[in-house]
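Structure record follows, encoded as structure tokens.
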Amino acid sequence: MSINMSNADVFPTTPSVKDLVKILYGGKRFGNHVDEVWPNLFIGDMSVANDRYSLWKLGITHVVNAAHGRMHCQGSHDFYGSTVDYYGVPADDSPSFDLSRYFSPSAEYIQNALDTAGARVFVHCAVGVSRSASLVLAYLMIHHHYTLLEAINKVKERRWIFPNTGFLKQLRALDIKLHMSNPPHLQNK
């Protein structure tokens with residue numbers, strides 16, 4: 001007896017961009033300036049990123065600036081000094097911008113930081129809903145083997161996010177790639 005299984009039977013279906021937008025619109029549509037979306041991993045906006053005292057109160061040890069080099073985000077190695085490790089991603093919040101090339105390096109940076117005892121990582125962009133959220137979603141997919149939908153739902157438990165449609169397409173491509181190389185039956189969440 002032979003079993004004929006299609007890819008749809010083996011791999012979970014990645015929702016379309018249209019379906020992802022509907023999911024993202026659901027739930028609360030307001031955000032705080034900063035939210036802890038995973039243990040010791042925070043997403044926030046530039047008002048927190050530009051306030052060293054707020055970061056100190058949160059115990060932030062590492063900053064990922066997904067708007068590095070933009071006029072409105074002051075963050076840099078010089079701005080934070082020696083007490084905070086800094087990683088800049090020079091991303092535009094534009095559907096045509098290729099953020100996917102930063103998915104793996106940013107995920108590695110976040111994971112390495114979180115592997116450090118006492119580390120607390122703050123990922124931000126201007127508003128904290130598109131670029132920064134996309135990098136955190138990619139991190140959860142790469143290092144915790146979440147599907148894109150699972151990662152979105154996990155982050156949405158704590159923060160309203162809304163990656164632009166170009167980033168959603170890139171996250172969908174990552175989701176498909178990860179699940180082809182790491183089938184669900186071999187995953188360990």
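Atom set for the values below is all heavy atoms of this structure, side chains included, hydrogens, waters and symmetry mates excluded.
For the pair H124 and V48, the minimum side-chain heavy-atom distance is 4.5 Å or more. Within the 4.5 Å cutoff, the side chain of Y109 has no heavy atoms near those of the Y102 side chain. Between S106 and V89, the closest side-chain pair of non-hydrogen atoms falls below 4.5 Å. A 4.5 Å side-chain heavy-atom check between I142 and S104 finds at least one atom pair inside the cut-off. N40 is not listed as a side-chain neighbour of V121, based on a closest heavy-atom distance of 4.5 Å or more. Residues T116 and T61 are not in side-chain contact: their nearest non-hydrogen atoms beyond the backbone lie 4.5 Å or more apart. Residues F162 and V21 form a side-chain contact, since some pair of their non-hydrogen atoms from C-beta on lies under 4.5 Å apart. Within the 4.5 Å cutoff, side-chain heavy atoms of K22 are placed close to those of D19.
Relative to the ring axis of F167, R131 does not place its NZ or CZ within 45° and under 6.0 Å from the centre.
Just one residue in the list E157, R158, K156 forms a side chain to side chain contact (heavy atoms under 4.5 Å, CB included) with K154, and that residue is E157. Here the rule is side chain to side chain contact (heavy atoms under 4.5 Å, CB included) with P163, and of L24, V129, L20, L135 only L24 fits it.
Closest heavy-atom contact between I60 and H62: CG2-O, 3.3 Å. Listed here is the closest heavy atom pair of F79 and A49: CE2-O, 3.5 Å. Considering all non-hydrogen atoms of both residues, F97 and P90 come closest at CZ-O, 3.4 Å. Residue A126 comes nearest to D45 through the heavy atom pair O-CB, 3.2 Å, listed as atom of the first residue, atom of the second, then distance. C125 approaches S132 most closely through the heavy-atom pair SG-OG, 3.3 Å. Minimum heavy-atom separation, S130 to D93: OG-OD1, 2.8 Å.
The aromatic rings of H144 and Y146 stand perpendicular to each other, their planes meeting at an angle above 60°, with 30° marking the opposite boundary.
R120 contributes a side-chain N or O that, together with a main-chain N or O of L58, makes up a donor-acceptor pair within less than 3.5 Å. Side-chain atoms of D175 never come within 3.5 Å of backbone atoms of L171 as a donor-acceptor pair (strictly under, hydrogens ignored). Under a 3.5 Å cut-off, the side chain of Q170 and the backbone N or O of L99 do form a donor-acceptor pair. Side-chain atoms of E150 do not come within 3.5 Å of backbone N or O of L140 as any donor-acceptor pair. Under a 3.5 Å cut-off, the side chain of N112 and the backbone N or O of E108 do form a donor-acceptor pair. Although no hydrogens or angles enter the test, the distance criterion places no donor-acceptor pair under 3.5 Å between the side chain of R52 and the main chain of Y80. Although no hydrogens or angles enter the test, the distance criterion places no donor-acceptor pair under 3.5 Å between the side chain of D35 and the main chain of R159.
The hydrophobic clustering, which links ILVMFWY residues whose side-chain heavy atoms are closer than 4.5 Å, places I23 and L174 together.
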